[in-house]
Amino acid sequence: MYMMDTYILKGVCYVLSYSAILKEYISKSGKTLDQIVSDCEKLGVNIHSTYISKLRLGQRPAPSDEISRALANVTGGDPEELIIAGYIERAPKEVQGVIKHYLNNLDFYTAIVSTNFTDDFEDIDLEDNEKFASIVEKNVNRFKSMPIEQRIDFVISHFNRMVNAHPEFLIDFGIAGGVSEDRIESTIKTMKEGSINRIKLYDLTKESYDEHQYEWVPITKILFDGEPVCFICPDDSMIGANITKGAKLICQAVDHDKNHQIDSGKIYVVGYKDEVIIRRVIYQKDTDLVILQPENSKYPLITTKKDSEDFNLFAIVKSVEFTLE
């Protein structure tokens with residue numbers, strides 16, 4: 001079960017999980033799950049009624065912000081409330097307490113922090129209450145105009161700075177939340193390597209990997225152009241390249257709009273027929289053939305055409321992290 005503890009939202013204390021909020025929205029809407037599916041399709045979001053049912057029962061993790069927004073809109077709920085609940089649920093346990101704390105003081109906290117990082121802050125006379133209040137108000141309005149996803153990420157970006165300056169704050173929140181000391185220390189170490197960023201994570205070891213969760217990685221791990229994304233390797237087909245089943249692959253998503261040129265010999269996350277696999281991609285330009293080469297003799301070599309409907313490049317592997325337990 002994917003459940004969450006009490007959390008603070010918009011100055012109000014809730015004892016509601018993502019599933020409980022969604023259940024309430026569905027109940028108040030009076031719509032059937034099939035009607036919700038149909039309404040979501042009109043918004044360009046395709047999901048199944050069984051999936052919605054599992055979200056409502058807490059049997060699936062919180063979905064993407066896009067799905068949450070659609071579900072809230074078609075049921076007459078508050079998209080921000082559902083997105084924030086999902087964000088907290090997907091975040092590492094050791095930072096959930098801090099996120100809850102900041103979301104409780106969302107406007108005030110971010111206004112004060114952003115004021116401290118504006119160019120005109122040094123010119124502020126802190127004894128000039130009227131001018132200081134005016135600048136804070138300007139930052140509050142600027143902050144409120146951001147989409148909720150950007151607002152939360154704004155809080156987290158400044159949370160990084162706070163952790164580096166006052167790690168004891170994270171320790172206190174972690175211990176209070178029952179998080180192990182090893183995990184807290186690991187998180188602090190990760191954050192001290194550089195600002196932590198959340199990127200999409202697709203676990204290919206799972207039966208259903210068409211939905212994403214989030215992974216939190218240091219910015220030093222994603223210093224490349226393009227959209228970063230994580231995949232969990234589904235098998236040991238690339239064992240010869242030191243990529244084991246369950247390894248976390250930090251990748252750069254392929255931008256098909258920019259007519260991606262295959263970097264022959266590099267390892268890619270590839271869509272082939274109905275599977276998503278990890279393979280070294282060899283491109284023979286003169287014949288327009290693509291060879292999908294495993295690094296394990298137990299797996300077959302695949303040859304296809306670059307423009308084949310069965311073949312699609314999703315991402316190029318940039319680094320391999322530790323095998324997940």
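When reading the values below, keep in mind they use all heavy atoms of this one structure, side chains included, and skip hydrogens, waters and symmetry mates. Residue numbers count from 1 along this sequence.
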Would [X] end up clustered with [Y] when hydrophobic side chains under 4.5 Å apart are linked, directly or stepwise?
| X | Y | result |
| --- | --- | --- |
| Val37 | Val74 | yes |
| Ile278 | Ile239 | no |
| Tyr268 | Leu289 | no |
| Tyr272 | Ile291 | no |
| Leu33 | Tyr25 | yes |

Taking side chain as C-beta onward, heavy atoms only, is [X] less than 4.5 Å from [Y]?
| X | Y | value |
| --- | --- | --- |
| Ser49 | Ile36 | no |
| Pro61 | Tyr18 | no |
| Thr287 | Gln284 | yes |
| Val270 | Val281 | yes |
| Ile232 | Leu249 | no |
| Pro294 | Leu301 | yes |

How long is the straight-line distance from [atom2] of [Y] back to [atom1] of [X], given to the nearest 0.5 Å?
| X | Y | atom1 | atom2 | answer |
| --- | --- | --- | --- | --- |
| Ile47 | Leu55 | CD1 | CG | 7.5 Å |
| Gln252 | Asp263 | CD | CG | 10.0 Å |
| Lys248 | Asp203 | NZ | CG | 11.5 Å |
| Ser27 | Arg56 | OG | CZ | 9.0 Å |
| Asn242 | Thr244 | CG | OG1 | 8.5 Å |
| Lys200 | Cys251 | NZ | SG | 14.0 Å |

**Item:** Candidate pair Ser237 and Asp235, rule side-chain hydrogen bond (donor to acceptor under 3.5 Å, both in side chains), full reasoning
**Value:** CA-CA 6 Å; Ser237 61; Asp235 53 40; 2.6 Å; yes
Can you give me the closest heavy-atom contact between [X] and [Y], atom names plus distance?
| X | Y | value |
| --- | --- | --- |
| Cys230 | Ile250 | SG-CG1, 3.8 Å |
| Val229 | Ala315 | CG1-CB, 4.2 Å |
| Ser19 | Ser17 | OG-OG, 2.7 Å |
| Leu22 | Ile52 | CD2-O, 4.3 Å |

**Request:** Starting from the C-alpha separation in whole Å, work towards a yes-or-no answer on side chain to side chain contact (heavy atoms under 4.5 Å, CB included) for Ile316 and Val269.
**Result:** CA-CA 6 Å; Ile316 183 170; Val269 179; over 6 Å; no
**Prompt:** Can Lys306 be said to sit on top of Phe311's aromatic six-ring, NZ or CZ under 6.0 Å from centre and within 45° of the ring axis?
**Reply:** no
**Request:** Scan Asn296, Ile267, Val317, Ile277 and name whichever one has a side chain to side chain contact (heavy atoms under 4.5 Å, CB included) with Met238.
**Result:** Ile267
**Request:** For residues 278-287, pull every pair meeting salt bridge (charged side-chain N to carboxylate O under 4.0 Å, His left out), keeping only residues two or more places apart or in separate chains.
**Result:** Arg280-Glu295
**Prompt:** Which salt bridge (charged side-chain N to carboxylate O under 4.0 Å, His left out) pairs, counting each pair once, include a residue from residues 40-49, with sequence neighbours left out?
**Reply:** Asp39-Lys42
Are the side chain of [X] and the backbone N or O of [Y] linked by a donor-acceptor pair below 3.5 Å?
| X | Y | result |
| --- | --- | --- |
| Ser29 | Thr75 | no |
| Ser68 | Ser64 | yes |
| Gln35 | Thr32 | yes |

**Message:** As a quick check of understanding, evaluate side chain to side chain contact (heavy atoms under 4.5 Å, CB included) for Asp255 and His260, giving each step before the final call.
**Reply:** CA-CA 6 Å; Asp255 188 346; His260 177 80; 6.0 Å; no
**Message:** Using the rule given for side chain to side chain contact (heavy atoms under 4.5 Å, CB included), can you reason through Asn73 versus Leu43, listing the C-alpha separation, both sets of side-chain angles and the distance that settles it, and then say yes or no?
**Reply:** CA-CA 9 Å; Asn73 283 331; Leu43 297 178; 4.3 Å; yes
**Request:** Could you check whether the rings of Tyr202 and Phe231 sit parallel, tilted or perpendicular, using 30° and 60° as the cut-offs?
**Result:** parallel
**Pairing residues for Asp307 by the side chain to side chain contact (heavy atoms under 4.5 Å, CB included) criterion, not counting sequence neighbours** = Asp288, Lys305
**Asked** Does NZ belonging to Lys54 count more than 12 external heavy atoms closer than 6.0 Å?
**Response** no
